[in-house]
Amino acid sequence: MKIVYFGKFKNNKYSELEEKPISEALKKMGHTVYELDVMEAKMEDLIEKANQSDMLLFHDGGLPLGLEEQDELSFYMTLNGLMMLLSKMTCLKVMWLFDRVVGVGEILASRILPTIDCGFFNDDTWVRRHKYPNAYGLHPGTTERPLGQYRKDLACDIAFIGRVYGGRVEVIEGLKKQYGKRFRIFEDIWGKDFDDLCQSAKVIFQPKWLMNDFLWTDQIYHALSAGAFLIHPRLHGLQEEGLDEGSHYVGYTIIEELVAGLEFFLKPENDEKRKQVANQGKSYVLENFTWEKRLEKMISVIKDKLLKKQK
């Protein structure tokens, strides 16, 4: 297919994890991809290119969905502009939203879904709670890349990657108090540095805040594909995906389980067990959850929907 990909390609650190590898995966699958940036593309160029192509793929269309970004006027102006753009396009229109569908995200989903062919969501909990006929759960993917290197400047027993805010504060402050310098926070780490950290920290820890049984962040895929040993919240949806707790990662539900898991796997006599789990997690994720695998599923759903329409 000829695919217009409307995303954040320029001046955006997240594009290294999402837009760029997704675009490359589509090209590997044999599709022609036209990358148009949400901040720089001209409206008339986007419409013209989309109407000469088979499909438009977009995520949030440039809408401010992040907790720190939300501004009501900007949101509605951008939403109305996006809906006007979509109304002028005759190709297949597909949204893949990685954000949690809450607040303005719910407004986006409810307004956009009736105007497009398919919407795919990381927030599969939201999909399951609603009855939109063109909404589907589809979690993010990851890429295969060279294994990171151990680095003394990144080494620690326990690492948390991300921002400390909201419901994360209490558990992270508790770990800092209990483990002191053995516990480190890496708020802004990407690319090779991220991969090196996954080989330098004995344990990568993920808190449960904002997750639920069918919604989680993309970090589980990126960390496992980088060969990290991961302690992650136990979620039913991960089980449905075939991620086996104990074989691919270590799960927990309550804080006591988290601490018990950390204490057990940080013992020197369990070093080999920790490496075994990390290797098994890496192999499983790269076998099942690359961006190519996710996109194959997406395109299969789209084709099936088109066949049903034709009948």
Side-chain angles (χ1 to χ4, degrees), residues 17 139-162 168 171-172 174-187 189-208 211 216-291 293:
L17 294 176
H139 296 290
T142 190
T143 53
E144 185 167 6
R145 53 209 187 272
L147 205 62
Q149 300 296 312
Y150 173 85
R151 282 168 45 185
K152 193 173 181 180
D153 62 313
L154 298 175
C156 58
D157 281 354
I158 309 161
F160 166 67
I161 304 170
R168 292 174 175 173
V171 65
I172 287 173
L175 291 177
K176 280 168 64 178
K177 185 176 180 181
Q178 182 161 351
Y179 291 99
K181 292 181 180 179
R182 297 170 67 195
F183 176 71
R184 294 181 64 186
I185 298 166
F186 297 86
E187 185 170 319
I189 190 164
W190 308 90
K192 188 178 182 303
D193 289 337
F194 178 94
D195 293 340
D196 289 348
L197 174 60
C198 288
Q199 291 298 306
S200 303
K202 291 180 181 178
V203 175
I204 302 292
F205 150 75
Q206 185 68 18
K208 191 175 182 180
M211 295 189 193
W216 48 86
T217 73
D218 57 2
Q219 191 173 120
I220 189 166
Y221 306 111
H222 297 313
L224 290 181
S225 65
F229 174 83
L230 183 67
I231 293 189
H232 190 279
R234 180 185 294 115
L235 305 172
H236 185 72
L238 294 177
Q239 205 173 3
E240 281 193 2
E241 283 210 313
L243 278 162
D244 184 40
E245 181 195 341
S247 294
H248 303 134
Y249 74 103
V250 170
Y252 73 92
T253 299
I254 57 176
I255 193 71
E256 288 80 8
E257 270 188 297
L258 168 62
V259 172
L262 289 170
E263 291 295 326
F264 179 81
F265 282 101
L266 287 173
K267 290 178 180 177
E269 60 264 33
N270 292 320
D271 284 354
E272 287 307 311
K273 176 64 176 173
R274 197 174 63 242
K275 290 173 187 174
Q276 181 187 357
V277 171
N279 288 335
Q280 289 169 174
K282 179 176 185 288
S283 296
Y284 188 80
V285 163
L286 290 176
E287 187 177 335
N288 294 280
F289 304 130
T290 60
W291 288 114
K293 293 285 186 182

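Just so it is clear, the model here is predicted, and its values are computed rather than measured.
For F160, the ring pair (Phe, Tyr, Trp, His ring centres under 6.0 Å) test picks out no residue, with sequence neighbours left out.
Between the OH atom in Y179 and the CG atom in L266 there is a gap of 6.5 Å [rounded to 0.5 Å]. With rounding to the nearest 0.5 Å, the separation of CZ in R234 from CD1 in I254 is 9.0 Å. We find the OG-CG distance between S200 and D153 to be 7.5 Å, quoted to the nearest 0.5 Å. To the nearest 0.5 Å, the span separating CZ on F186 from CD1 on I161 amounts to 8.0 Å. For the atom pair NZ of K202 and CG of N270, the computed distance is 11.0 Å after rounding to the nearest 0.5 Å. Distance check, rounded to the nearest 0.5 Å: CG of L262 to NZ of K267 gives 12.5 Å.
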### Task
May I have the step-by-step check of side-chain contact (heavy atoms from CB on, under 4.5 Å) for R151 and D193, ending in yes or no?
CA-CA 9 Å; R151 282 168 45 185; D193 289 337; 2.8 Å; yes
### Query
Under the side-chain contact (heavy atoms from CB on, under 4.5 Å) criterion, do H139 and W216 qualify, and how do the steps go?
CA-CA 9 Å; H139 296 290; W216 48 86; 3.2 Å; yes
#### Entry: Derivation of the side chain to side chain donor-acceptor pair (under 3.5 Å) call for Y249 and Q206
CA-CA 11 Å; Y249 74 103; Q206 185 68 18; over 6 Å; no
### Task
Run the numbers on V250 and F265 for side-chain contact (heavy atoms from CB on, under 4.5 Å), then give the verdict.
CA-CA 10 Å; V250 170; F265 282 101; 3.5 Å; yes
### Query
How far apart are the C-alpha atoms of L238 and H232, what are their side-chain angles, what is the distance that settles it, and do they pass the side-chain contact (heavy atoms from CB on, under 4.5 Å) test?
CA-CA 10 Å; L238 294 177; H232 190 279; 3.7 Å; yes
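Of all heavy-atom pairs between A278 and A228, the closest is CB-O, 3.6 Å. A pairwise comparison of heavy atoms in L224 and G281 identifies CB-O, 4.1 Å as the closest pair. Across all their heavy atoms, A159 and A201 have their closest contact at CB-CB, 3.8 Å. Nearest heavy atom pair, residue Y221 against residue E241, reads OH-OE1, 2.6 Å. For the pair S225 and T142, the tightest heavy-atom approach, listed with the atom from each and the gap, is OG-OG1, 2.9 Å. G148 and D196 make their closest contact through CA-OD1, 3.3 Å (heavy atoms, listed as atom of the first residue, atom of the second, distance).
Within 6.0 Å of CD in E144 there are 12 or fewer heavy atoms belonging to other residues, nucleotides or ligands. At most 12 non-hydrogen atoms from other residues, nucleotides or ligands lie less than 6.0 angstrom from CD of Q239.
Proximity of L243 to V285: side-chain heavy atoms (C-beta onward) are separated by under 4.5 Å at one or more points. Put simply, the side chain of P146 does not reach to within 4.5 Å of the side chain of K192, judged on heavy atoms. With a 4.5 Å cut-off on side-chain heavy atoms, V259 and Y252 do not count as touching. Residues I158 and R182 fail the side-chain proximity criterion, which asks for heavy atoms closer than 4.5 Å. Using a 4.5 Å heavy-atom threshold, the side chains of K208 and V171 count as separate. By the 4.5 Å heavy-atom criterion applied to side chains, K282 and L147 are counted as neighbours.
A salt bridge between R274 and D271 is present, with a side-chain N of the basic residue lying under 4.0 Å from a carboxylate O of the acidic one.
Q280 and Q276 are linked by a side-chain donor-acceptor pair at a separation below 3.5 angstrom, with hydrogens and angles left out of the test.
Among residue pairs with one or both ends in residues 268-288, those qualifying as ring pair (Phe, Tyr, Trp, His ring centres under 6.0 Å) are H248-Y284, Y284-F289; sequence neighbours excluded.
In this structure, the side chain of S283 engages the main chain of N279 through a donor-acceptor pair within 3.5 Å.
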